[in-house]
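Bear in mind the structure is a predicted one, so any value in this text is a computation, not a measurement. Every number for a ligand or one of its atoms is a count from 1 in the order of the listing.
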Amino acid sequence: MKKVFVKSYGCQMNVYDAERMADMLTTEGYAETKAMEEADLVILNTCHIREKAAEKVYSELGRVRELKKERQTHGQETKIVVAGCVAQAEGKEILRRAPAVDVVVGPQNYHNLPELLRKARSERVVDTEFPIEDKFDHLPKPSKAMIRNRGVSSFLTIQEGCDKFCTFCVVPYTRGAEVSRSVSKIVDEALRLADAGVRELTLIGQNVNAYHGEGPDGSIWSLGKLLHRLAEIPGIARLRYTTSHPRDMDDELIAAHRDLPALMPYLHLPVQSGSNRILDEMNRKHTGDEYRRLIERIRKAQANLALSSDFIVGFPGETDAEFEDTMRLVADVGFASSFSFKYSPRPGTPAAEMGLQVPEAVKAERLARLQNLLETQRQAFNRGTVGQTLDVLLEKPGRHPGQMAGKSPYLQAVQIETDCHHIGDIVTVRITQAGSNSLFGEVVKPGNQAAA
Ligand code: 5AD
Ligand code: SF4
């Protein structure tokens with residue numbers, strides 16, 4: 001049996017895509033391996049969102065090329081595939097710069113991999129066209145055993161692409177225009193996952209709350225309505241969604257945070273900056289105060305909300321005072337977790353052409369200050385859960401024998417002293433301690449058992 005090694009970089013969409021590629025190649029007679037050295041097929045599923053993404057891929061390809069040569073001396077062939085957003089952005093350039101690469105395939109085309117690999121026996125191939133057909137229709141369904149292997153919490157892609165064109169972002173170029181999958185296809189996939197033992201679904205998409213898929217009645221469904229439908233599926237106890245845009249938080253979605261017990265009290269809602277001028281330059285189409293008011297409305301619907309965000313410091317032209325606006329917004333709103341980055345110019349995006357790029361040292365200093373504040377807030381949030389009783393979904397064995405590890409409703413990792421429960425159970429836990437990266441707790445009530 002031939003072996004395939006998939007290395008994925010970047011966001012959850014890439015994790016999901018990497019799994020789909022692995023599913024598909026299993027039906028083509030490949031077994032997945034975690035060791036690149038023994039792989040007959042190496043796939044790098046790349047990310048283009050920040051930093052010198054393309055350069056990193058080229059240097060990784062240098063290493064894979066050495067491996068290919070080494071295996072060749074033992075008479076073993078290795079095919080190399082570059083997939084994902086760098087593949088989409090660089091296309092043919094990859095074949096020119098990396099002679100060892102056999103196939104370049106964009107995120108919309110990986111369902112063609114079997115055919116591309118057949119072609120690659122005699123020539124090097126690139127497939128980065130945006131196809132008309134839906135790649136998900138062409139992907140094989142993973143077996144129950146494969147789903148189970150991946151755990152009780154699963155990603156499910158419900159939309160792809162983005163029409164927002166934030167001036168710093170490559171996504172609208174690499175992933176294309178916003179496309180939503182139909183409700184029936186999403187429900188079918190969710191039913192299959194639930195049937196294999198999945199308890200938690202995280203609905204994913206580049207701009208997931210812009211979801212507007214065709215419903216079974218022919219009308220267009222919003223994310224709020226879709227969440228209600230998915231909450232009815234037996235076995236599915238928890239729902240989450242990521243990543244969202246503030247402009248697409250509609251009333252129905254906010255109401256779902258109040259009305260749907262399965263919808264976890266956690267929201268990743270990137271704000272990027274607290275300065276109105278920078279938000280405008282970023283083309284975010286909202287102000288800092290609009291974001292504050294929106295969060296107030298969502299917290300009215302779900303008082304326990306754990307809020308998470310992305311931030312960019314050092315966007316072109318950002319002054320000290322404008323950076324302070326971001327610090328103030330963070331202090332006003334309060335975040336349970338977050339991701340923050342130095343602005344990095346992405347070729348082809350409007351912001352990369354803007355004057356007044358902020359010096360690296362200034363970006364570094366701002367990032368350190370922001371991360372300090374965000375880390376203080378994260379720890380305060382975690383400490384605030386000590387003494388509370390929370391439902392924990394058990395996901396895997398814990399760090400030590402007699403322990404299990406799971407997630408709280410707020411997406412915190414929790415270590416629990418227990419050996420009489422199963423993966424997939426949701427147990428009620430009293431949180432006893434907050435460590436730097438996980439909480440510790442004891443079971444007070446077995447709670448909701450997973451189906452055997
Ligand atoms: N520079 C820095 N951060 C960026 N992000 C997207 N593009 C850039 C860029 N050019 C960040 C944003 C986004 C997250 C996924 O990555 O904060 O929300
Ligand atoms: Fe990029 Fe998100 Fe803005 Fe879309 S909404 S352009 S994915 S940052």
### Query
For Ser153 and Glu200, does a side-chain donor sit closer than 3.5 Å to a side-chain acceptor?
yes
### Message
Within 45 degrees of the ring normal and closer than 6.0 Å to the centroid, is that where the cationic atom of Arg346 sits relative to Phe168?
### Response
no
### Under 4.0 Å to a heavy atom of Phe341 - the qualifying atoms of ligand 1, by number
3 (N), 11 (C), 14 (C), 16 (O), 17 (O)
### Protein heavy-atom partner closest to atom 17 (O) of ligand 1 - residue, atom, separation in Å
Gln272 OE1, 2.6 Å
### Summary
One finds that the ligand 1 atoms under 4.0 Å from a non-hydrogen atom of Arg346 are 10 (N)
### Query
Counting from 1, what ligand 2 atoms have a heavy atom of His245 closer than 4.0 Å?
5 (S)
### Query
Charged N to carboxylate O below 4.0 Å: is that the case for Glu318 and Arg366?
yes
### Task
Step through it carefully: locate the ring centre of Tyr211, locate the ring centre of Tyr241, and say whether they are under 6.0 Å apart.
no
### Candidate pair Asp23 and Arg150, rule salt bridge (charged side-chain N to carboxylate O under 4.0 Å, His left out), full reasoning
CA-CA 12 Å; Asp23 291 347; Arg150 293 186 179 135; 2.9 Å; yes
#### Entry: Under 4.0 Å to a heavy atom of Lys164 - the qualifying atoms of ligand 2, by number
4 (Fe), 5 (S)
### Message
Quick test: of every protein heavy atom, which one is nearest to atom 1 (N) of ligand 1, and how far off is it to 0.1 Å?
### Response
Ser344 N, 3.0 Å
### Task
Run the numbers for me: atoms of ligand 2, each under 4.0 Å from some heavy atom of Phe165, listed by number.
6 (S)
## Note on the structure
A student checking ligand 2 against Phe168 at a 4.0 Å heavy-atom cut-off should list atoms 8 (S)
### Query
Does Cys166 bring an N, O or S atom to under 2.8 Å of atom 3 (Fe) of ligand 2?
yes
### Task
Provide the number and element of each atom of ligand 2 under 4.0 Å from a heavy atom of Pro172.
6 (S)
### Task
Classify the contact between Ile312 and ligand 1 as side chain, backbone, both or neither, using a heavy-atom distance cut-off of under 4.0 Å.
side chain
### Query
Between Asp17 and Tyr110, does any side-chain donor sit less than 3.5 Å from a side-chain acceptor?
yes
### Shortest protein contact, atom 6 (C) of ligand 1 (heavy atom only)
Ile49 CG1, 3.4 Å
### Message
Could you tell me, atom by atom, which parts of ligand 2 come under 4.0 Å of a heavy atom of Cys169?
### Response
1 (Fe), 6 (S), 7 (S), 8 (S)
### Query
Taking atom types as modelled and ignoring hydrogens, do the side chains of Thr326 and Glu324 form a donor-acceptor contact shorter than 3.5 angstrom?
no
### Task
State whether Phe335 and Arg378 meet the cation-pi test: NZ (Lys) or CZ (Arg) under 6.0 Å from the six-membered ring centroid, and within 45° of the perpendicular axis.
no
## Note on the structure
For atom 7 (N) of ligand 1, the closest protein heavy atom turns out to be Phe168 CD1, 3.3 Å
### Message
If you count heavy atoms of other groups shown closer than 6.0 angstrom to CD of Gln379, is the number above 12?
### Response
yes
### Task
Please confirm whether Tyr266 and Tyr410 have ring centers closer than 6.0 angstrom.
no
#### Entry: Salt-bridge present (Asp102, Arg124; N to O < 4.0 Å)
no
#### Entry: Atom of Lys34, atom of Phe5 and distance for their closest heavy-atom approach
O-CE1, 3.5 Å
### Task
State whether Tyr16 and Arg20 meet the cation-pi test: NZ (Lys) or CZ (Arg) under 6.0 Å from the six-membered ring centroid, and within 45° of the perpendicular axis.
yes
### Task
Decide whether an N or O pair under 3.5 Å exists between Tyr343 and ligand 1.
no
### Query
Can you tell me if Arg284 has a non-hydrogen atom under 4.0 Å from ligand 2?
yes
### Backbone or side-chain N/O/S of Cys162 under 2.8 Å of atom 4 (Fe) of ligand 2
yes
#### Entry: Structural part of Asn207 in contact with ligand 2, heavy atom criterion under 4.0 angstrom
neither
### Task
Would you check whether Arg50 has a nitrogen or oxygen atom less than 3.5 angstrom from a nitrogen or oxygen atom of ligand 1?
yes
### Closest protein heavy atom to atom 18 (O) of ligand 1, given as residue, atom name and distance to 0.1 Å
Asp310 OD2, 2.6 Å
### Minimum-distance protein heavy atom relative to atom 2 (C) of ligand 1
Lys342 O, 3.3 Å
